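Every value quoted in this text rests on a predicted model; they were computed, and no experiment measured them.
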Amino acid sequence: MSSHILDSKKADQKIRRIALEILERNLNEPNIVVAGVVNTGFELAKQICRELEHFSGKSFPCHAVKIHKPAPLEQPISCDVPSELLKSAVLILVDDVQNSGKTMAHALRYFLDYPVKAIQTCVLIDRRHNSFPVRADYVGLSLSTTLKEHVSVEKLESGFTASLS
């Protein structure tokens, strides 16, 4: 049995707030790059980019990070961000749900090979079961759950929704 924890209206509010926080924290940064973990994290990153563009009037292209979430060491991580864009950039790394921090830690490791100025992390939902030393800088909703529960985020026509099962 699953229960909704975010409907599309509430999720949109959280995403707008995240975008505003990103702009506020990086007000004087000339080079901000947004990359989302495929699949739902990338969809979330695209929505954050649209909000960033709306609030700032600047262009924010969105990039995809491909990682094999169940076993990130089994396949190489890839990203479509051109390496020259990462030079002295503030990278905003986006995923839908942070559970143990494993996916985010492996994605972060990939970007450490580039001369980024800073890496900031963003999740719609933080479950706070960190097994890895990764803390999300931008969080839509912090949620205390049991390890047996599962949080899923979906992208529907009406927007993002999240449920707990």
Please examine the side chains of L52 and L20, heavy atoms only from C-beta on, and report whether any two atoms are closer than 4.5 Å. no
Closest approach of K87 to N31 (non-hydrogen atoms, all atoms of both residues): O-ND2, 3.4 Å
Is any side-chain heavy atom of D126 less than 4.5 Å from a side-chain heavy atom of L143? no
Hits for ring pair (Phe, Tyr, Trp, His ring centres under 6.0 Å) against Y138, two or more places apart or cross-chain, chain-then-number order -> none
Y110: partners by ring pair (Phe, Tyr, Trp, His ring centres under 6.0 Å), with sequence neighbours left out: Y114
So, do Q120 and L91 sit near enough that their side-chain heavy atoms are less than 4.5 Å apart? no
To the nearest 0.5 Å, how far apart are CD in Q13 and NZ in K9? 6.0 Å
Residues two or more places apart in sequence or in another chain: which of them pass side-chain hydrogen bond (donor to acceptor under 3.5 Å, both in side chains) with S152? S163
Of all the heavy-atom pairs spanning K69 and D95, show the shortest one and how long it is. NZ-OD1, 3.2 Å
Minimum-distance pair of heavy atoms, taken over all atoms of A35 and V81: CB-CG2, 4.5 Å
For atom CD of E24, is the number of surrounding heavy atoms from other residues, nucleotides or ligands below 6.0 Å larger than 12? no
Identify the heavy atoms of V123 and I18 that sit nearest to each other, and give their distance. O-CD1, 4.0 Å
Note, I67 side chain near V38 side chain (heavy atom, < 4.5 Å): no
N/O donor-acceptor pair under 3.5 Å between D80 side chain and A64 backbone: yes
Which atom names give the shortest non-hydrogen contact between K10 and L6, and what distance separates them? CB-CD2, 3.8 Å
Quick one: does E53's side chain have a donor or acceptor within less than 3.5 Å of a partner on F60's backbone? yes
Between R127 and E149, does at least one N-O distance fall below 4.0 Å, as a salt bridge requires? no
Do any N or O atoms from the side chain of T145 and from the backbone of V151 form a donor-acceptor pair under 3.5 angstrom? no
Under 4.5 Å between any side-chain heavy atoms of C122 and I48, yes or no? yes
Using every non-hydrogen atom in the two residues, find where L73 and H106 come nearest and quote the distance to one decimal. CD2-CE1, 3.6 Å
Is there a donor-acceptor pair closer than 3.5 Å between any side-chain N or O of R17 and the backbone N or O of D12? no
Would you indicate whether the side-chain heavy atoms of E21 and R25 approach each other to under 4.5 Å? no
Atom pair CD1 (I119) and CE (M104), whose distance is rounded to the nearest 0.5 Å: 10.5 Å
Using only heavy-atom distances, determine whether the side chains of E51 and Q47 contain a donor-acceptor pair under 3.5 Å. yes
F160 six-ring face occupied by K155 cation (under 6.0 Å, within 45°): yes
Answer with yes or no whether the side chains of S144 and R128 bring together a donor and an acceptor at under 3.5 Å. yes
